[in-house]
Structures are given as C-alpha cells and as structure tokens.
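In what follows, every heavy atom counts, from backbone to side chain, and hydrogens, waters and symmetry copies are set aside. Note on naming: letters A, B, ... go to the chains in the order of the sequence lines (proteins, then strands), and numbering restarts at 1 for each one.
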Protein chains: 2
Amino acid sequence: MRLKMEKISEFTVRRLSNYYRILIDLEKRGVPTVSSQRLAELGGITSAQVRKDLSYFGNFGTRGLGYSVTELKGAIMQILGLTTQWTMALFGAGSLGHALFYHQGFREDGFFFKHVFDINPDKVGTRWLEVEIENQSSAEDVLRRDPVQIAVIATPPEAAHDIAALVIRAGIKGILNFAPTQLTVPEGVSLRNVNLAVALESLSFFLSM
Amino acid sequence: MRLKMEKISEFTVRRLSNYYRILIDLEKRGVPTVSSQRLAELGGITSAQVRKDLSYFGNFGTRGLGYSVTELKGAIMQILGLTTQWTMALFGAGSLGHALFYHQGFREDGFFFKHVFDINPDKVGTRWLEVEIENQSSAEDVLRRDPVQIAVIATPPEAAHDIAALVIRAGIKGILNFAPTQLTVPEGVSLRNVNLAVALESLSFFLSM
DNA sequence: TAGATTGTTAATCGATTAACAATC
DNA sequence: TAGATTGTTAATCGATTAACAATC
C-alpha cells in the first residue's frame, strides 16, 4: 500500500483525512483539478505541507497542472484504507453511542456497526436499525463467533478498562475510545482517543486569557 | 491569570486537560500528593513534559515531595478557566446534539447549554430538560437578547458556515464545531474542530499497514 | 516556448527530553 | 543530614516551511 517506507506521523494522516473531505467536496462541485496551493488554502495550511504529505506515498500530481481531483481522492482513499468495509462493535447504547451509530459520515466512509452492547437490561433486545442490542456480558463470546475489526467505546469511564481488555482478548486490533480515561494497549493494537471535554476546556483556556 | 507571558501551545493546554482529569481521579481515591513521575506514568508521557507544562504557569510543587493533588487540581482549574460557569448555545438538535446536550462531563466542568436551535419545525417547541428548542431563524435575535459565550455546531456541514457567520455577528467569541467542514473565523474568535471521522480514518490507516 | 506547479532537499522552527543545580 | 523531586536550561528530535531544479 505505502510506496515509501518512512514512518508516517499521525499529523500527516489527520491532514490526509482533511484533504479527502475537501476533495469529495471539489468533486461534487465538478472541479476537475486542484493545485497544492488551492488545496492548502481550503485546508488552512501551506502548499509545501500538502506536497510534502502526499510525497510520502507517491507522485500524484502533474507539474504545471496540479492534481486530478478524482484521482487524488481515489489515491487517498486507498492510502487511508477506505476502499475496504470496516466492521465495528459499539459498547454503550447511551446517547453518545446512539449518535455514533447513526452518524452518516461513518457509513459513507465504509465503517459499519455490526454489534451494539450495553449492560442495561431495558435496552438489551431492542433494535437500532437492523442491529439488536446485546448484553455486554456476552460480548466476548459474540465477538469470537462473529469478529469485527474495530471496537468503539462509548461507556462511562469506569467501564472502559474492562471493555478494552475484553476486546483485546477477543483479538480486536483497533479501538476508538470516547470514555475520558487513559487506556493502555499492547503492541499491535491501535488506540485513538476522542475526548469531548478536551476541546471545550481548550476553548475555555483561550477565552479566559 | 497566567503568570509568565510565553505563548502557550495547544499541545500544552490539551495535556493540562488530561492532568486535570487524572488529578480528579487521584483526589477521589484519596491520594494526597503526586510526583511529576507518577503523573507522567498515568498520562502516558514523560515527567519532564509534566514539569515543563506546569512551569509555564507557576511553581506548584515542593522539591523532594511533589505536588499536592488538591492544590494542583485547583490551580489547573484556574488556568483552564473552569472556575467560572460557561454558557453555550447548541445548533442542531439531532442525535449528536442530543448526546452533547446530555453529556455529563460538560455540566461537571461548568459548561451549560442555555439555548438549543434547530430548523426542524417538529422539534421546535419541544423541551430538553428545562431548555425549549428554538427556531434557528430566530437564533441571532435570541443570542443578542440573551448572549452566551460559546456556540456548539452539531449540524450537517452545509449549514455550518452560515451558523458560524451568525454567531460571530451576535458577538460570540468561542466556537466548537462538530460539522466536518472547514470554518474560518476572524481574529479574536477561537475555533475548535472535532471531527469524528478523522479519528476513525486514522485508525483505518494504521490498521491497513 | 513560457508559465505554472510539482517533488524534494535544505533551512527553520517549535516541541520534547535529558540533565542537573536548587532545595524541600 | 541524605534522599527525593522540582524548576529550568541546554540538547535533541521531529515537524513545518522555503526554495528551487525538474518538467508538464
């Protein structure tokens, strides 16, 4: 997949995500080509940054012309692994879990919730679209029988550690954690944390100055 | 508030948020003091980083002993501006908006939704707790009469630009944007973006390697 | 061909870490 | 006092940017 073997920073990957969204938008609007300069403007960064990021993965542009919007979009989809369908298990059928489950963008990107687990007996057995909410206590068995690639944790922080341990035992290699607690994962398991409070506290800091 | 006048990076502020959460936890567990070494372990970073971050704001520790958990927690609350109550307006009463509105952590931090706006006539007039959902078309008037400090955008991306313009006209200085689109704000307005897809796409990238 | 823009190297900038004197 | 740990300076590391030859 990757053409050169330098290690890619998380910064670069996050910017690729942004280029991808910008390119989708340009394609919708029928724009055929885009320069690194224009892409940089739309993304709020420098054109050197755009070219540098892309150069880790190959030569996607044409000197004098720029990049084909459709081709570059396709290339970034490949790079980010968005050409395959990803299956996920959601832990926590609260309001955040609900929002994630129904989040349109995930589906469009090929991320698909196959299982939803909760500990609340009132919720277990009810359905979200075609998915029946299952008891969290059976999660390990269920995931061994019917594995997924990514676990999404949207539970209170107290529960997050045990869930992480459970999904790692079940062989899951990617965890997206929304619980505001520090998880530790072994080598070979990827973890991303999204903490809603951090962004707000950062705003608070800069507004207080 | 700030004691020294170096400019503080977003990186430092985000780590302060994390220290804050760790300290709350330590305080709950009755731990009286913590060293930079221990705080670093709990946060997954280095002790030098911890001491450096704190040193921008003052001397909170005691050589040989470490930091008083309660005192350091209080100091970081001050620094992050969490000792005041922040008022917010929510745009978009969809499932993400709902999750944010009911998110326990925001309340605990002193962030409080005073207004909720939506364009869907079926939702306008209904209540979330004590807050009545108002028509988005009246948002500018409402916010001029009854201002808030922060606007939270949880609408589809198409709507986000107009909302940003509106809240800036109404004098709001802080925007937390969950819509996956690039907003531009004038000098003096703070913007934070939270893009749920980016974290997932980054996971996808590293899982694809 | 001349103008535009890439891909890449080298220079710069900023963030992290190591090291240690100060001091509880 | 001796051991522990801070606060800070200097060294290192890594990310961003500037510059430009290659080339469409």
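- To the nearest angstrom, C1' of D:dA19 lies 10 Å from CZ of A:Arg51.
- We find that CD of B:Gln37 is positioned 12 Å from C1' of D:dA4, with the value rounded to whole Å.
- Between B:Ser36 and the phosphate of D:dT6, there is a side-chain N or O to OP1/OP2 separation shorter than 4.0 Å.
- Note on A:Tyr67: every side-chain N or O is 4.0 Å or more away from OP1 and OP2 of C:dA4.
- Counting non-hydrogen atoms of neighbouring residues, nucleotides and ligands closer than 6.0 angstrom, the CD1 atom of A:Ile119 reaches no more than 12 such neighbours.
- Shown here is A:Glu71, whose CD atom has no more than 12 heavy atoms of other residues, nucleotides or ligands within 6.0 Å.
- Cation-pi geometry between B:Arg107 and B:Phe101 is satisfied (NZ or CZ under 6.0 Å from the ring centre, within 45° of the ring normal).
- We find the CG-OG1 distance between B:Asn18 and A:Thr181 to be 10.0 Å, quoted to the nearest 0.5 Å.
- Put simply, CG on B:Asn59 is 11 Å from P on C:dC24, counting in whole angstrom units.
- Relative ring orientation between B:Phe117 and B:His115 is described as parallel, the plane-to-plane angle staying below 30° on a 0-90° scale split at 30° and 60°.
- Within the shown strands, D:dT17 is the pairing partner of C:dA10 under the Watson-Crick or G-U definition, both distances less than 3.5 Å.
- Nucleotide C:dA4 forms a Watson-Crick or G-U wobble pair with D:dT23, both donor-acceptor distances falling under 3.5 Å.
- Interface remark: the A:Arg63 side chain does form a donor-acceptor pair with the C:dT6 base, using a distance-only criterion of under 3.5 Å.
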Between protein and nucleotides 9-17 of chain D, map the contacts as a letter string: B base, S sugar-phosphate only, - none, heavy atoms under 4.0 Å, written 5' to 3'. B-----SSB
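- If you take CZ of B:Phe60 and P of C:dC24, they are 17 Å apart, rounded to a whole angstrom.
- Spacing between atom CD of B:Glu71 and atom P of D:dT6 amounts to 14 Å, rounded to whole angstrom units.
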Which is it for A:Ile22 and A:Val34 under the side-chain contact (heavy atoms from CB on, under 4.5 Å) test, yes or no, and what are the steps along the way? CA-CA 10 Å; A:Ile22 293 168; A:Val34 67; over 6 Å; no
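- In summary, B:Arg29 and B:Asp25 engage in a salt bridge, as defined by a charged side-chain N under 4.0 Å from a carboxylate O.
- For the pair A:Leu65 CG and C:dG7 P, the interatomic distance rounds to 11 Å; values are reported in whole Å.
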